[in-house]
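Working notes for the structure below.
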Amino acid sequence: MIKYIPEPFRIKVVETIKMTSRPEREKIMAAAGYNVFNIPSENVYIDLLTDSGTGAMSDNQWAGLQTGDESYAYCRNWYHFEETVKSITGMKYVVPTHQGRVAENILFSTILEKGMIVPNNNHFDTTRANVLANGGIPKDLVIEEGRDPEKTHPFKGNMDTARLDELLKTEGPRRVPIVFVTITNNSGGGQPVSMANIRDIRKVCDKYGVPLFFDACRFAENAYFIQQREKEFEKKRIAEIVREMFSYADGCTMSAKIDAIVNIGGFIAFNNSLWEAPIKEKLIQIEGFPTYGGLAGRDLEAVARGLEEVQNEEYLAYRVGQVRYLGDLLEKAGIPILKPTGGHAVYLNAQKFCPHILPAQFPGQSLAVNLYLEAGVRSVEIGSFMFAHTDKITGEVVYPDLELVRLALPRRVYTKAHIEYVAESVQQLFHKREQMKGMRIIDHRDSPLRHFIARLEFV
Ligand code: F0G
């Protein structure tokens, strides 16, 4: 029997979801231009598009909303927010934003100059887009195992520190103003980064005098994996592991929509006093005053409470366990998935699922579209549709290492029966996979964000 760790909560409020028929879904999908982002959510039965902003807040967080102080400056909730972020990250400066990508935008527009390189284990799509938009060059340095969906490794999100050292040696800190590490590594399969690797990255950063930042969206899930998989930490509390992780960083960007289990929110936290004024000025220009940053006072309160809740060990065991349960069901049925399962999602290996579709015809997109048509389950492609791009110098199309479809589980939202429904749906599709066709983009734009809006058709 595959183990399911029971939910450490009970349900107090419910939201109706409805099933559609196959002919209805065919119409809906055609109208959506075969892009899952365009499907009206009321026509989705199980929505695994993202784990961002889709979590269920607790009664404690909802109660917090009622204590919102909506004063423009220095509202009561700001103090709680600031104190919580500081206690977790240990950073001197905390700047709220309305979501993670704004934190990225503000940071990169402050520190990047044209031609500068930003290494990361793997950039998330908005992070990559924000580096590029500010003249930077994103460079992915995940370890070899992280690029092979078949290889198992306890910390597949680790960065290749030899390559990082090489990069910093040849380019120097003037061209590489910051090193980023994404915990957990979303684009690489929600895979964790070990404390040992974080320490090693820190050493390389120190050697060249370059600051280290975390893309900390899933910091608590990363800490849970460290506790489970890194011997030294098996008896440590999550909160302690979190604090140690952040002790090696000079700053972080964070989407609170993810591991703070709120529907909107984010922040930047950092230690460099020279960045304080330009970052806050930029924030005032595009988000709001530095004590609310695009959020209402009540939102700040929900984030502060969520940041505490997410570090609860029973919650994390259930959370990561639910993802593993879905992965185990699929693996048992012989479905090719990225191994091991990550912290927030199961990634189907689309290239193996449909080997007859070439990357140029987006096997992952076809899989995501077909899964919706089959069962009303919305997933998202993380492959060529999202990442293939034309190299500016060679003019050639560069394809990503992995063709994946992500089934991201919202936090505290779906039940065991829902998870089993998803697994059965994927299995049904797997049996008729030969019938799946490749796709092409109708309104082509060579943009790093095209996958959000482009329309497609089957070839
Ligand atoms: N960094 C990572 C690693 C992310 O996963 C995300 C968002 C962001 C930054 C940006 O945060 O959405 O608040 O602006 N990830 C979501 C996802 C959207 O579906 O993986 P945001």
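Each residue takes its place number in the sequence, starting with 1. For ligands, and for the atoms within them, numbers begin at 1 and follow the listed sequence.
Residue Val380 places no heavy atom under 4.0 Å from ligand 1. Residue contact check for ligand 1: Gly266 places no non-hydrogen atom closer than 4.0 Å to it.
Near Ser52, meaning under 4.0 Å from one of its heavy atoms, ligand 1 places the atoms 12 (O), 16 (C), 18 (C). For ligand 1, the atoms closer than 4.0 angstrom to any heavy atom of Ser255 are 11 (O), 13 (O), 21 (P). For ligand 1, the atoms lying closer than 4.0 Å to a non-hydrogen atom of Gly100 are 11 (O), 13 (O), 14 (O), 21 (P). Here is the list of ligand 1 atoms found below 4.0 Å of a heavy atom in Lys257: 13 (O).
One finds a salt bridge joining Arg218 and Asp51 here, because a Lys/Arg side-chain nitrogen approaches an Asp/Glu carboxylate oxygen to under 4.0 Å. Electrostatic pairing of Arg412 and Glu309 counts as a salt bridge here, judged by a charged N lying under 4.0 Å from a carboxylate O. Between Arg298 and Glu70 a salt bridge is recorded (basic side-chain N to carboxylate O distance below 4.0 Å). Comment: Lys352 engages Glu150 in a salt bridge, judged by a side-chain N to carboxylate O separation of less than 4.0 angstrom. Ion pair Arg202/Asp250 flagged as a salt bridge, since at least one NZ, NE, NH1 or NH2 atom sits closer than 4.0 Å to an Asp/Glu carboxylate oxygen. A salt bridge does not link Asp443 to Arg450: none of the charged nitrogens lies less than 4.0 Å from a carboxylate oxygen.
Residue contacts with ligand 1: Thr182 is placed with no nitrogen or oxygen under 3.5 Å of a nitrogen or oxygen of the ligand (distance criterion only). The shortest N/O to N/O separation between Arg218 and ligand 1 falls below 3.5 Å. Among the atoms of Arg406, some N or O lies under 3.5 angstrom from an N or O of ligand 1. Residue Thr50 places at least one N or O, backbone or side chain, under 3.5 Å from an N or O of ligand 1. Ligand 1 has no nitrogen or oxygen under 3.5 angstrom from a nitrogen or oxygen of Gly265.
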Between Glu221 and Arg411, is a salt bridge (charged side-chain N to carboxylate O under 4.0 Å, His left out) present by the stated rule, with each step listed?
CA-CA 11 Å; Glu221 288 166 10; Arg411 291 167 181 76; 3.0 Å; yes
Please test Asp125 against Arg101 for salt bridge (charged side-chain N to carboxylate O under 4.0 Å, His left out), starting from the C-alpha separation and ending with a verdict.
CA-CA 10 Å; Asp125 59 357; Arg101 67 198 66 184; over 6 Å; no
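In terms of protein heavy atoms, atom 12 (O) of ligand 1 is closest to Arg101 NH2, 2.8 Å. For atom 9 (C) of ligand 1, the closest heavy atom belonging to the protein is Glu104 OE2, 3.0 Å. If you check which protein heavy atom lies closest to atom 8 (C) of ligand 1, you get Phe124 CD2, 3.5 Å. Considering only non-hydrogen protein atoms, atom 1 (N) of ligand 1 sits nearest to Asp215 OD2, 2.7 Å. In this structure, atom 10 (C) of ligand 1 lies nearest to the protein heavy atom Thr126 OG1, 3.5 Å.
Between Gln322 and Lys416 the shortest side-chain heavy-atom distance does not fall below 4.5 Å.
Side-chain polar atoms of His98 and Glu287 form a donor-acceptor pair below 3.5 angstrom.
Both the backbone and the side chain of Gln99 come within contact range of ligand 1, each with a heavy atom under 4.0 Å. By the criterion of a heavy-atom distance under 4.0 Å, the side chain of Ile258, and not its backbone, is placed next to ligand 1. With a 4.0 Å heavy-atom cut-off, ligand 1 is reached by no atom of His344.
When each of Tyr399, Phe37, Phe452, Phe362 is checked for a ring-ring contact (aromatic ring centres under 6.0 Å, His included) with Phe385, only Phe362 meets the rule.
Proximity of the aromatic rings of Phe246 and Phe214 is defined here by a centroid distance below 6.0 angstrom, and this criterion is met.
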